[in-house]
Amino acid sequence: MRSPAEASTTATGRSSDWLNQADYRLATTPEEKDEIYRLRYRAYLREGAVRPSADQRVVDSYEDAPNAWTFGVYFNGELYSSIRISVLTSEWRLSPSVELFGDVLHPELDKGRIFIDSTRFVADPDKARNFPELPYVTVRLGSMAGVYFNADYGLAIVRPEHQAFYRRVFLQETWCEPRLYPGLVKPVGLMAAHLPTVREPVLARYPFLRSTAFERRMLFERPGQQQPSQDPTASYERASIVPSS
């Protein structure tokens with residue numbers, strides 16, 4: 001679906017309508033999924049995160065999990081980036097983060113915590129070069145999921161050289177030092193942020209991360225699927241998506 005967000009000043013200080021132009025699409029067809037798998041391979045290979053493979057795709061066992069949403073971010077009909085959002089609860093425990101850091105996460109899930117696990121964040125290596133806002137456009141999907149599912153924490157498994165971005169943008173903290181995930185060449189660490197605590201400071205600094213209830217519902221609602229209770233905060237709804245002055 002196309003984001004209805006108004007044009008805003010980006011984190012780089014440039015004013016543009018890039019968010020208005022972003023088209024968030026849930027990957028549902030084999031063709032859409034395959035395009036994303038190939039994008040992952042190109043991006044990971046360019047970064048040296050995976051070894052060359054004959055099929056030139058990066059796929060794992062969580063692609064069709066009932067608690068996973070894989071999105072492509074499109075501009076003018078072209079795929080620019082992708083991210084997978086997994087919702088973790090005491091009943092839903094399928095995600096790469098749980099596989100790799102289960103000793104940390106299972107005790108929290110046993111307490112009834114709800115996590116948004118953002119993984120497989122990739123951007124087209126060539127397109128991203130001239131689009132510094134692209135990471136912000138993409139990770140915005142995780143921010144929206146945190147509100148929609150009334151989550152306690154946002155998670156990310158991140159290589160050491162990328163952790164500064166998550167500390168700066170999402171105020172995340174390191175929960176576990178890097179470990180090697182199957183299929184990757186470089187280790188990743190577990191980072192997390194308590195969403196009720198960091199939400200307002202993050203939105204005050206990056207107002208383009210705001211969204212409407214309609215936008216969140218269009219992206220994440222699955223008819224007939226039982227979901228964690230949703231309770232969008234009044235302050236979040238009141239602020240809507242209007243950029244701060």
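- With hydrogens and angles ignored, the 3.5 Å screen pairs no side-chain donor or acceptor of Arg113 with any backbone N or O of Tyr153.
- Considering only heavy atoms from C-beta on, Val188 stays 4.5 Å or farther from Arg179 through its side chain.
- When the options Asp64, Thr70, Thr28 are evaluated for a side chain to side chain donor-acceptor pair (under 3.5 Å) with Lys33, the one that passes is Asp64.
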task: Test side chain to side chain contact (heavy atoms under 4.5 Å, CB included) on Leu105 and Ser97 and set out the steps.
output: CA-CA 8 Å; Leu105 294 176; Ser97 294; 3.9 Å; yes
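- A salt bridge between Arg84 and Asp60 is present, with a side-chain N of the basic residue lying under 4.0 Å from a carboxylate O of the acidic one.
- Among all heavy-atom pairs drawn from Ala123 and Ala43, the shortest one is O-CB, 3.5 Å.
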message: Test side-chain hydrogen bond (donor to acceptor under 3.5 Å, both in side chains) on Tyr24 and Glu215; report intermediate values, then the result.
response: CA-CA 10 Å; Tyr24 295 130; Glu215 185 180 16; 5.7 Å; no
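- Aromatic ring centres of Phe220 and Phe149: separated by under 6.0 Å.
- Residue Phe101 comes nearest to Glu177 through the heavy atom pair CE2-O, 3.8 Å, listed as atom of the first residue, atom of the second, then distance.
- Residues Asp126 and Arg42 are not paired through a salt bridge, judged by the lack of any N-O separation under 4.0 Å between the basic side chain and the carboxylate.
- Using a 4.5 Å heavy-atom threshold, the side chains of Arg46 and Tyr44 count as separate.
- Val73 has its side chain out of reach of Arg25: every pair of non-hydrogen atoms, C-beta onward, lies at least 4.5 Å apart.
- Using a 30° and 60° split on the angle between ring planes, Trp69 and Trp92 fall in the tilted class, from 30° to 60°.
- The distance from atom OH of Tyr74 to atom OG of Ser81, rounded to the nearest 0.5 Å, is 10.0 Å.
- Arg167 and Thr174 form a side-chain donor-acceptor contact under 3.5 Å, judged by distance and modelled atom types alone.
- Within the model, atoms NZ of Lys127 and CG of Leu39 stand 8.5 Å from one another, a figure rounded to the nearest 0.5 Å.
- A salt bridge does not link Arg38 to Asp55: none of the charged nitrogens lies less than 4.0 Å from a carboxylate oxygen.
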- request: Would you sort out whether Ser95 and Asp117 count as a side-chain hydrogen bond (donor to acceptor under 3.5 Å, both in side chains), showing the intermediate values?
  value: CA-CA 7 Å; Ser95 86; Asp117 189 16; 2.7 Å; yes
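- Judged by distance alone, with hydrogens and angles left aside, the side-chain atoms of Arg140 form a donor-acceptor pair with the main-chain N or O of Phe208 at under 3.5 Å.
- One finds no salt bridge joining Glu221 and Arg216 here, because no Lys/Arg side-chain nitrogen approaches an Asp/Glu carboxylate oxygen to under 4.0 Å.
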- request: Might you work through the side chain to side chain contact (heavy atoms under 4.5 Å, CB included) test for Leu134 and Phe75, ending with a clear yes or no?
  value: CA-CA 10 Å; Leu134 187 57; Phe75 290 84; 4.1 Å; yes
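- In terms of heavy-atom proximity, Gly142 sits nearest to Ile116 at O-CG2, 3.9 Å.
- Looking at every heavy atom in both residues, Ile83 comes nearest to Leu141 through CG2-CD1, 3.7 Å.
- Leu171 places a side-chain heavy atom less than 4.5 Å from the side chain of Pro201.
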Verdict with reasoning, Tyr206 to Val169, per side chain to side chain contact (heavy atoms under 4.5 Å, CB included): CA-CA 8 Å; Tyr206 302 102; Val169 176; 4.0 Å; yes
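- Taking each heavy atom of Arg93 and Ser90 in turn, the nearest pair found is NE-O, 2.9 Å.
- The OG atom of Ser86 sits 10.0 Å away from the CG atom of Leu155 when rounded to the nearest 0.5 Å.
- When all heavy atoms are compared, the tightest approach of Arg120 to Leu184 is NH1-CD2, 4.3 Å.
- Between Arg40 and Glu63 there is a salt bridge, with a side-chain nitrogen of the basic residue lying less than 4.0 Å from a carboxylate oxygen of the acidic one.
- A donor-acceptor pair under 3.5 Å links the side-chain atoms of Ser82 to the main chain of Phe71, judged by distance alone.
- By the 4.5 Å heavy-atom criterion applied to side chains, Ser118 and Val139 are not counted as neighbours.
- Residues Asp124 and Arg129 are not paired through a salt bridge, judged by the lack of any N-O separation under 4.0 Å between the basic side chain and the carboxylate.
- For the pair Arg57 and Tyr41, the cation-pi criterion (under 6.0 Å, within 45° of the ring axis) is not fulfilled.
- Between Leu88 and the options Ile114, Leu109, Asp152, a side chain to side chain contact (heavy atoms under 4.5 Å, CB included) holds for only Leu109.
- The ring-ring contact (aromatic ring centres under 6.0 Å, His included) contacts involving residues 155-174 comprise Tyr136-Phe165, where partners must be two or more places apart or lie in separate chains.
- For the residue pair Tyr181/Glu99, the side-chain donor-acceptor check at 3.5 Å is satisfied.
- Gln172 places a side-chain N or O within 3.5 Å of a backbone atom of Gly154 that can act as its donor or acceptor partner.
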message: Test side chain to side chain contact (heavy atoms under 4.5 Å, CB included) on Thr119 and Ile157; report intermediate values, then the result.
response: CA-CA 7 Å; Thr119 59; Ile157 49 177; 4.0 Å; yes
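- A donor-acceptor distance shorter than 3.5 angstrom exists from the side chain of Asn67 to the backbone of Leu94, with no hydrogens or angles considered.
- Counting only distance, with no hydrogens or angles, the side chain of Glu35 and the backbone of Glu32 share no donor-acceptor pair below 3.5 Å.
- Contact annotation: the side chain of Val104 approaches that of Trp175 to within less than 4.5 Å [non-hydrogen atoms, C-beta and beyond].
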